[in-house]
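Notes follow once the structure below has been shown.
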Amino acid sequence: MWTLPNILTLSRIAALPLLAFLLWWPEWRVGYGLAFVLYVLMGITDYFDGYLARTSGAVSRLGIFLDPIADKIMVATVILTLTAQGILRGPYVGDMHVIAGLVILVREIAVSGLREFLGGLQVSVPVSRLAKWKTTFQLVCLGALILGVALPQWTVNLAGLTINFPHTVGLTTLWAAAALTVITGWDYLRVGLKHMD
């Protein structure tokens with residue numbers, strides 16, 4: 001039960017309050033820099049807990065249960081905290097970037113419920129390659145949004161707009177992640193509908 005992969009997964013969950021704390025004050029640039037480092041470390045442990053579990057044969061029921069939950073809680077924590085602090089705001093559409101965050105959160109909740117339902121029917125839904133890309137875009141976009149606040153000096157004038165480069169990358173990949181979220185969510189739903197009355 002207390003294998004290294006499970007400990008790494010639990011460490012991600014345990015670090016979430018600290019991550020939220022560091023993200024709470026956007027004017028505290030050092031805090032956002034520390035949050036970025038912590039976020040990257042959490043992403044690295046996400047990769048290594050799965051890798052170690054597979055290569056060492058230490059895949060456990062606890063790990064299978066905890067790993068996707070840890071990922072979803074981390075994404076939800078960052079999206080909600082950045083939204084609360086007004087970070088999901090940008091050129092052209094202003095606060096409308098929050099919609100992309102909402103799409104991601106709604107999909108995560110819906111797919112979790114669907115997996116629970118299908119699990120009761122002994123139906124497994126494997127993670128698709130597109131879903132892995134969705135996860136990659138999510139990790140990149142949230143990291144870039146955090147980094148944009150930590151590094152306000154990375155701002156350029158482009159076509160009459162003053163933009164922070166990491167923040168713009170973050171908002172762009174946020175919408176890409178939201179689009180992939182809809183596509184992969186629909187794929188999961190189609191599988192689920194086959195098993196519903």
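Count residues from 1 along the sequence.
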Would you list the atom pairs, donor with acceptor, under 3.5 Å between side chains in residues 73-84 and any protein atom, with sequence neighbours excluded?
from, atom 1, to, atom 2, distance (Å)
Thr77, OG1, Ile73, O, 2.7
Thr81, OG1, Thr77, O, 2.7
Thr83, OG1, Ile79, O, 2.7

Could you pull out all donor-acceptor pairs under 3.5 Å where a side-chain atom in residues 22-34 meets a protein atom, sequence neighbours excluded?
from, atom 1, to, atom 2, distance (Å)
Arg29, NH1, Pro26, O, 2.9
Arg29, NH1, Val149, O, 3.3
Tyr32, OH, Leu23, O, 2.6

Would you give me the side-chain donor-acceptor pairs under 3.5 Å for residues 138-147, sequence neighbours excluded?
from, atom 1, to, atom 2, distance (Å)
Gln138, NE2, Glu108, OE2, 3.3

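Judged by distance alone, with hydrogens and angles left aside, the side-chain atoms of Asp67 form no donor-acceptor pair with the main-chain N or O of Asp46 at under 3.5 Å. In this structure, the side chain of His167 engages the main chain of Ile87 through a donor-acceptor pair within 3.5 Å.
In the hydrophobic cluster analysis, where Ile, Leu, Val, Met, Phe, Trp and Tyr join through side-chain heavy atoms closer than 4.5 angstrom, Val106 is grouped apart from Ile104. Hydrophobic clustering places Met96 together with Ile163 (ILVMFWY residues linked when any side-chain heavy atoms are closer than 4.5 Å, directly or through intermediates). Placement of Ile69 and Met42 within a single hydrophobic cluster is found when ILVMFWY residues are connected by side-chain heavy-atom separations under 4.5 Å, directly or transitively. Both Val40 and Leu19 are members of a single hydrophobic cluster when ILVMFWY side chains are connected at heavy-atom separations under 4.5 Å. Placement of Phe36 and Leu16 within a single hydrophobic cluster is found when ILVMFWY residues are connected by side-chain heavy-atom separations under 4.5 Å, directly or transitively.
Residues passing the ring-ring contact (aromatic ring centres under 6.0 Å, His included) test with Phe165, sequence neighbours excluded: none.
Nearest approach of Gly90 to Leu171, heavy atoms of both residues: CA-CD1, 3.7 Å. In plain terms, the two heavy atoms of Ala70 and Ile13 that are nearest each other are CB-CG1, 3.7 Å.
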| request: List the steps, then state whether side-chain contact (heavy atoms from CB on, under 4.5 Å) holds for Thr135 with Asp71. | output: CA-CA 9 Å; Thr135 301; Asp71 296 343; 5.6 Å; no
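Counting only residues at least two apart or on different chains, the side chain to side chain donor-acceptor pair (under 3.5 Å) pairs with a member in residues 168-187 are His97-Trp175, Arg107-Thr184, Asp187-Arg190.
Interatomic distance, OG of Ser112 versus OH of Tyr188, reported as 10.5 Å (0.5 Å rounding).
In the hydrophobic clustering, where aliphatic and aromatic side chains (Ile, Leu, Val, Met, Phe, Trp, Tyr) are joined below 4.5 Å either directly or transitively, Leu130 groups with Trp133, Phe137, Leu180, Ile183.
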